[in-house]
Amino acid sequence: MNDIPLQFRDPNLARSLAATLARLVGDLGRPAAVMHVCGSHEQAIAKFGLRSLFPKALDVIMGPGCPVCVTDVPEVDEGVLIAAQGARIATFGDMLKVPGTVRSLADAQALGAKIDIIYSPKQAVDLARKTTEEVVLFATGFETTAVATAAVILDNPPPNFSVLSAHKYIPPVMEIVAEMPGSRIEGFLAAGHAATITGSAVFEEFVERHGVPVVIAGFEPNDILAGLVELVELIRAGTPRVVNMFPRCVTREGNLAAQQQLWRVFRSTGGRWRGIAHVPNGNLRLRDEFAHVDARRRFPIDLSSLWDYAPPALAGQCICGDIMAGIRNPRDCRLFNRECVPENPVGACMVSNEGTCKIWHLYGGVPDLEASA
Amino acid sequence: MREFTATVDFWGVRKDVRLDIVDEPVAPGDYILNHVGFAIRRIPPESVAETLALYETLLEGDDTDLMTGDVRAEIAGTS
């Protein structure tokens, strides 16, 4: 039993899958572009060097799959303003350097704000139980993480605990990307974690509407390679449909208990995703029934106090939005690895561990093996 | 294991994981899918073999092989 997880990293299987992928793309006889919508996919692709195995004619683009990167400026501002009122902000480490209008949470911390880095929403509740101070969970992440936030809200948190929800919902943004003018995307690799919650059926209407295939894949190297093989096969055959390549975790209907908790606590509403667009139904906000744990109702937040400040000049050159939309890559950015580095990020793509620029900075993006041979 | 939490081994690192939203009951020795400290899926052992078998079918080659075609159609039908 113990070696089961290793089979999903087996190098021989990986080589065979890569060879199959190369053959299929060759059969296609033309370049093709596909998009994944998950930072964890990009991380696995970069960490295990999978891009060097992808055929040159297959462009695997990272879409808007990094929840921290798409957290919009006003959402960061809300966190900064709540922190300024003396509440403890509990949030994921990636969030600290995300630029707001004037300040990031890291800037606020340097000025004395109390920021606690957590790994799980349950740690924010544990923190609230140990203190009488107000503790605000600044909650980011897609539906998979929102489910965990919903679970702690439904588990009788202490009265000094509240939630500032910046949670986002992936299916609507796939519509936006699919409808972008000039989109070259011929297929989507959907995230296994999110689909574990939502089920594969959530993508069926999408496929019908846009005529592009969706393949659900896991996060081990061989999961991703197998997912791409299936996706290219569907493109070649011209038979768009939803295929679940992660059956050990994803079912057609998903995790119903988790969905029930998610939609009991949250409702979806339109809102901006940083660098992408206004996404109808793309934001998850607390329902009225949970107003007592909603930080937006507990704290006075006046964002207009920040609007007199001009954005920093470098930010104007950042192409993070185009990168998240899959139109350009970090090499197209004149700031990448020069003015913009993880220690001093300009855009959100360099801030987050799931941001394309941070990942390419760490792992080298697309290694050109032929040039270095 | 306690009522709502379980200790999980992640490639040698042990952590406590909440069981509030897992899809079905878990027992010691099970594999789970973890997300931010919450189990979101008990991974049935037989489904691991199923996934690996699925990958093997991809390798078996081209559409001129009728049996491979049938297997593919079957997989697609369960999507």
Side-chain angles (χ1 to χ4, degrees), chain A residues 1 4-5 7-8 10 13 16-17 19-21 23 27 92 118-123 141 144-145 147-152 154-155 192-193 196-197 200 204 215-216 218 222-223 225-226 229-230 233-234 237 239 241-252 254-258 261-262, chain B residues 3-6 8-13 15-26 28-64 68-69 71-79:
Chain A
M1 281 294 281
I4 277 179
Q7 295 175 34
F8 294 106
D10 177 66
L13 180 56
S16 305
L17 287 167
T20 305
L21 184 62
R23 182 176 60 76
D27 288 353
F92 301 114
I118 53 161
Y119 153 80
S120 169
K122 68 184 171 144
Q123 289 174 299
T144 335
T145 315
V147 163
T149 301
V152 300
L154 291 171
D155 191 31
H193 276 62
T196 300
I197 303 292
S200 63
E204 287 169 5
V215 170
I216 296 160
N222 291 339
D223 291 329
L225 286 167
V229 166
E230 185 61 34
E233 180 66 50
L234 291 170
T239 50
R241 56 172 182 263
V242 181
V243 175
N244 176 12
M245 292 295 287
F246 197 37
R248 66 187 188 274
C249 290
V250 177
T251 59
R252 186 173 178 276
N255 181 335
L256 294 173
Q261 294 199 28
L262 176 70
Chain B
E3 193 181 2
F4 292 119
T5 59
V8 179
D9 183 299
F10 295 90
W11 304 90
V13 177
K15 280 192 172 194
D16 279 350
V17 164
R18 293 272 300 237
L19 302 173
D20 308 41
I21 48 182
V22 70
D23 60 330
E24 53 181 74
V26 296
D30 280 345
Y31 281 96
I32 55 109
L33 179 63
N34 162 68
H35 186 73
V36 294
F38 286 77
I40 56 173
R41 162 90 172 166
R42 173 186 172 267
I43 302 177
E46 62 277 13
S47 72
V48 172
E50 191 189 325
T51 306
L52 289 166
L54 181 60
Y55 295 175
E56 292 298 323
T57 65
L58 293 178
L59 299 175
E60 274 164 14
D62 50 49
D63 288 328
T64 52
T68 308
V71 172
R72 284 224 177 89
E74 204 169 297
I75 293 163
T78 60
S79 67

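- The shortest heavy-atom contact between B/Gly37 and A/Ser120 is CA-OG, 4.0 Å.
- No donor-acceptor pair closer than 3.5 Å links the side chain of B/Thr51 to the backbone N or O of A/Phe246.
- Counting all heavy atoms, side chain and backbone alike, A/Lys122 lies closest to B/Asp16 at NZ-O, 3.1 Å.
- The structure places CG of B/Leu58 at 8.5 Å from CD of A/Glu233, a figure rounded to the nearest 0.5 Å.
- Salt bridge status for A/Asp155 with B/Arg18: present, with a side-chain N to carboxylate O gap under 4.0 Å.
- To the nearest 0.5 angstrom, A/Thr144 atom OG1 is 13.0 Å from B/Phe38 atom CZ.
- Contact annotation for A/Thr20: only side-chain heavy atoms (C-beta onward) come within less than 4.5 Å of a heavy atom of chain B.
- A/Asn255 is not listed as a side-chain neighbour of B/Arg41, based on a closest heavy-atom distance of 4.5 Å or more.
- In this structure, B/Ser47 and A/Pro247 approach most closely via the heavy-atom pair CB-O, 4.2 Å.
- Contacts between A/Thr251 and chain B at a heavy-atom distance below 4.5 Å involve the side chain alone, from C-beta outward.
- In this structure, the portion of B/Leu33 lying under 4.5 Å from any heavy atom of chain A is its side chain and not its backbone.
- Interatomic distance, CZ of A/Arg23 versus CG of B/Leu59, reported as 9.5 Å (0.5 Å rounding).
- At least one side-chain heavy atom of B/Lys15 sits less than 4.5 Å from a side-chain heavy atom of A/Tyr119.
- By the 4.5 Å heavy-atom criterion applied to side chains, A/Phe8 and B/Leu52 are counted as neighbours.
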Please evaluate residues B/His35 and A/Ile197 with respect to the criterion side-chain contact (heavy atoms from CB on, under 4.5 Å), reporting the C-alpha separation (whole Å), side-chain torsions for both, the decisive distance (0.1 Å), and the verdict. CA-CA 11 Å; B/His35 186 73; A/Ile197 303 292; over 6 Å; no
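- Under a 3.5 Å cut-off, the side chain of A/Arg248 and the backbone N or O of B/Ile43 do not form any donor-acceptor pair.
- Contact between A/Thr196 and B/Ile40 at its shortest, heavy atoms only, is CG2-O, 3.8 Å.
- The shortest side-chain heavy-atom distance between B/Glu56 and A/Leu13 falls under the 4.5 Å cut-off.
- Looking at A/Leu17, the atoms closer than 4.5 Å to chain B (heavy atoms on both sides) sit in the backbone and in the side chain alike.
- The side chain to side chain donor-acceptor pair (under 3.5 Å) test with B/Tyr55 is passed by exactly one of A/Asp10, A/Asp223, A/Asn222: A/Asp223.
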